Protein chains: 2
Amino acid sequence: MSTIYQVAKLAGCAVSTVSRVLNDHPNVSAKTKEKVHYAMNQLNYRPNTIAKSLASQRSDCVGVLVSELHSGFFGTLTGAVETQLRAHKKHIIVTAGHGDASLEKDGIEFLIDRNCDALVLHVEAVSDEYLAELCRGKTPVVILNRELPTCPEHCISLDNEQGGFAATQAVIARGHKNIAYISGPMRKHDARERWDGHCKALQQSGIAYDPSLVVEAKFTQDSGAEAFAVLLQRKVNFSAVVCGNDEIACGVMSAARDAGISLPNELSIVGFDNTNIASYTYPKLASVDYPIFEMGQAAGRKILNEVYDINTAEKDSAFEPTFIDRASLQPLN
Amino acid sequence: MSTIYQVAKLAGCAVSTVSRVLNDHPNVSAKTKEKVHYAMNQLNYRPNTIAKSLASQRSDCVGVLVSELHSGFFGTLTGAVETQLRAHKKHIIVTAGHGDASLEKDGIEFLIDRNCDALVLHVEAVSDEYLAELCRGKTPVVILNRELPTCPEHCISLDNEQGGFAATQAVIARGHKNIAYISGPMRKHDARERWDGHCKALQQSGIAYDPSLVVEAKFTQDSGAEAFAVLLQRKVNFSAVVCGNDEIACGVMSAARDAGISLPNELSIVGFDNTNIASYTYPKLASVDYPIFEMGQAAGRKILNEVYDINTAEKDSAFEPTFIDRASLQPLN
DNA sequence: GATTAAATTGGAACCGCTTCCAATAAAAGA
DNA sequence: TCTTTTATTGGAAGCGGTTCCAATTTAATC
């Protein structure tokens with residue numbers, strides 16, 4: 001691997017000049033530039049990113065932290081950020097927090113230590129205070145799916161409660177009265193907020209809240225199936241199940257069919273997130289659209305604008321959860 | 001941010017000594033070590049990864065290149081590598097190749113330039129020669145899902161042809177004779193190999209190959225649906241469809257149902273990869289298991305062993321595609 | 001053609017850490 | 001106690017770039 005010194009020597013100039021050519025500085029004469037380019041080609045020179053990063057304190061890299069790398073939701077998010085930035089020659093460094101506070105911190109520090117120019121975070125275990133502190137730090141941060149009261153300008157999120165409300169409201173609008181709810185882990189704020197929205201919708205329609213219709217699950221298919229089994233054991237009466245996310249809903253579908261329930265006529269099911277899953281199921285899953293791709297793009301654009309001074313000219317609209325009606329939700333006959 | 005100099009000063013020793021403490025070198029007296037640790041805590045010192053990387057030519061990072069970040073298949077792969085390495089304090093840097101040769105190269109160079117200690121690649125556009133050249137380079141490489149004749153020791157792959165064979169054989173074994181095939185893009189070697197396997201199975205059973213039963217698609221749901229429509233337009237007779245991957249199969253399911261075909265009794269469908277999708281569909285999708293998670297883990301272990309000298313003590317078995325029978329495949333009555 | 005201003009270049013310090021080699025201190029052996 | 005050996009330390013030269021400042025060239029003005 002050749003270095004900038006060798007290029008300078010071959011081109012017959014100083015390293016500082018080569019550096020200028022490298023970084024498109026003005027004030028380099030055309031002929032010098034050409035000599036340098038020639039030398040670079042000759043030597044097959046590729047600048048050492050690490051050295052550049054150390055000297056310049058920049059990296060042309062954005063760090064992305066998500067909970068899990070498998071999982072379509074985060075894949076979509078990461079992909080959105082990546083394509084957005086890649087179009088401008090910026091790269092991303094992805095790492096996972098695994099929903100654990102210390103791993104999340106570890107991941108964040110790793111990204112900062114790698115001189116990332118900015119961070120995009122989808123964290124769930126770390127505290128608000130920690131994040132607030134982080135926002136005050138040197139590295140610009142964009143926080144997804146979380147609303148920090150002290151620094152709203154760093155956050156891109158959507159109203160989970162409103163989404164939960166929309167889902168249950170849609171179910172009620174189709175005549176359902178006995179509505180079960182399978183929530184995600186209540187320690188996760190989004191799960192809690194969605195459930196809040198559900199309760200609100202019930203309340204608004206004057207439907208009494210019945211705790212025996214609610215089960216807490218993990219955000220996974222298997223857990224959703226188990227939760228549904230619990231529901232059945234309770235021998236409570238319900239005509240629809242609203243779920244904390246699509247995976248849970250998918251588990252419910254399987255479990256319901258295993259129990260001999262015919263879908264969608266005997267039971268309506270609604271998910272949340274509107275992931276690919278919703279299109280894979282049969283009947284297709286009604287869900288609340290969580291525009292994670294658009295939000296990832298928005299995060300990318302925000303960074304391009306604010307960190308790299310690249311104007312993407314696109315205005316970011318506010319993100320609203322919208323209910324997507326599909327066959328898994330049927331009116332109560 | 002404090003530097004190693006400040007730590008040295010506060011601890012009253014040389015930077016070289018601090019560096020030794022940092023890297024657990026032997027030959028540092030207990031009391032010096034303690035003084036240094038004290039100073040590090042006092043200053044809240046965090047070593048600068050970039051500087052370390054520049055000086056040591058290492059990074060404790062493994063680069064991972066996949067085609068797309070969204071897509072469950074690659075998510076699973078990336079997740080497998082990540083968890084495996086994270087357990088030993090190694091991080092991964094993920095980037096995407098988008099199935100384009102120049103983006104793939106760009107991504108690979110990016111990873112190498114970031115001083116990655118090793119690379120895990122799932123590339124599809126780049127040439128065998130380029131990869132062979134890469135294998136000869138300084139950075140250790142693990143190549144997934146591709147068999148390079150010149151350097152098999154770098155490759156972890158499974159026999160796509162055998163997988164394709166197994167799928168169609170299973171279909172034939174259930175009495176089907178008119179079997180449609182919707183392939184992935186033929187320019188991709190895995191798509192081609194799977195199709196080869198299909199043909200082989202037909203041949204072995206003495207079923208004549210009928211080109212009007214074959215459609216080439218992309219590896220996506222929508223494309224699968226379109227391909228199925230093409231198949232219907234041809235007015236050819238078939239009782240089963242074998243697909244290049246699960247997404248295609250999923251698209252076929254939708255399209256078939258839209259055409260009023262009842263599943264699985266009127267039409268059997270088989271996928272490939274055995275992704276999560278297979279568990280989301282109804283009927284559940286028979287598929288060929290592609291143990292991508294295990295292969296990712298194996299890649300991680302290989303690197304831990306060969307690059308970091310960390311013995312994971314687990315032997316890697318050979319990877320065989322296995323047919324997973326599920327309800328979407330029914331015997332022909 | 002001399003003078004001044006502007007454009008180009010070169011030099012060197014610096015980014016923060018590693019690592020080799022020499023110097024010193026401690027331990028062991030005579 | 002005095003060598004000899006061994007364990008600890010310090011010093012300094014990199015790693016490969018960036019960037020500020022001063023020096024040199026070139027162009028512009030009179």
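It should be emphasised that the depicted structure is a prediction, and the values quoted were computed from it without experimental measurement. A note on names: the letters A, B, ... follow the listed sequences, proteins ahead of strands, and every chain is numbered from 1.
- Here C:dC14 presents its P atom at 14 Å from CG of A:Leu54, a figure rounded to the nearest Å.
- One finds no side-chain N or O of A:Asn27 lying less than 4.0 angstrom from the OP1 or OP2 phosphate oxygen of C:dA7.
- Ring to ring, A:Tyr308 and A:His88 are not that close: their centroids are 6.0 angstrom or more apart.
- Comment: B:Asp60 does not engage B:Lys89 in a salt bridge, judged by the lack of any side-chain N to carboxylate O separation of less than 4.0 angstrom.
- Looking at the side chain of B:Ser29, the nearest of the listed nucleotides D:dT9, C:dT18, C:dT8 is D:dT9.
- Contact annotation: B:Ser19 side-chain N/O to C:dT18 OP1/OP2 distance is under 4.0 Å.
- Along DNA chain D, the nucleotide nearest A:Met1 and the nucleotide nearest B:Val15 are compared for position; the residue whose nucleotide lies closer to the 5' end is B:Val15.
- Per the geometry, CG belonging to B:Asn48 stands 13 Å off C1' belonging to C:dC14, to the nearest Å.
- The side chain of A:Cys13 sits closest to C:dG10 out of D:dG10, C:dG10, D:dG17.
- Checking B:Asn48 against A:Asn115 by side-chain atom types alone, no donor-acceptor pair falls below 3.5 Å.
- Rounded to whole Å, the distance from CZ on A:Arg20 to P on D:dG17 is 16 Å.
- A straight line from CG of A:Leu22 to P of D:dT19 spans 11 Å, rounded to a whole angstrom.
- With C:dC17, D:dT9, C:dT9 as the candidates, the nucleotide lying closest to the side chain of B:Tyr5 is C:dC17.
- Between A:Thr17 and C:dT9 there is no side-chain polar atom (N or O) within less than 4.0 angstrom of OP1 or OP2.
- Salt bridge absent: B:Arg58 and B:Asp117 never bring a charged side-chain N and a carboxylate O closer than 4.0 Å.
- No engagement by B:Val18 is indicated, since no non-hydrogen atom pair under 4.0 Å with the nucleic acid exists.
- Atom-to-atom, CD of A:Glu34 to P of C:dT8 comes out at 15 Å; the value is rounded to the nearest Å.
- Ranking D:dG17, D:dG10, C:dC17 by closeness to the B:Ala14 side chain, first place goes to D:dG10.
- For B:Phe73 and B:Tyr290, the gap between ring centers is short of 6.0 Å.
- Taking 4.0 Å as the cut-off between side-chain N and carboxylate O, A:Arg136 and A:Glu133 count as a salt-bridged pair.
- Here A:Ser53 lies out of heavy-atom contact (under 4.0 Å) with every strand.
- The phosphate of D:dT18 has OP1 or OP2 within less than 4.0 Å of a side-chain N or O from A:Asn23.
- When the side-chain nitrogen and oxygen atoms of A:Lys52 are compared with OP1 and OP2 of D:dG16, none of them lie within a distance under 4.0 Å.
- Among the heavy atoms of the strands, none lies under 4.0 Å from A:Pro26.
- Of the candidates D:dT9, D:dG17, C:dT9, the closest approach to any side-chain atom of A:Thr3 belongs to D:dG17.
- Closest approach to the B:Ser56 side chain among C:dG10, C:dC17, C:dT19 is made by C:dT19 (side chain taken as heavy atoms from C-beta onward).
- Counting heavy atoms from C-beta on, the side chains of A:His70 and B:Thr78 never come closer than 4.5 Å.
- Between the CD atom of A:Gln6 and the P atom of D:dG16 there is a distance of 9 Å, given to the nearest Å.
- Rounded to whole Å, the distance from CZ on A:Arg114 to C1' on C:dG16 is 14 Å.
- Not one side-chain nitrogen or oxygen of A:Ser16 sits closer than 4.0 Å to the OP1 or OP2 atom of D:dT18.
- Distance A:Asp113 CG to C:dC15 P: 18 Å, rounded to the nearest Å.
- Checked by distance alone, B:Arg46 brings no side-chain donor or acceptor within 3.5 Å of a matching partner on the base of C:dG16.
- For the pair A:Tyr45 and D:dG17, the criterion of a side-chain N or O lying under 4.0 Å from OP1 or OP2 is met.
- For C:dT19, one of the phosphate oxygens OP1 or OP2 lies less than 4.0 angstrom from a side-chain nitrogen or oxygen of B:Arg58.
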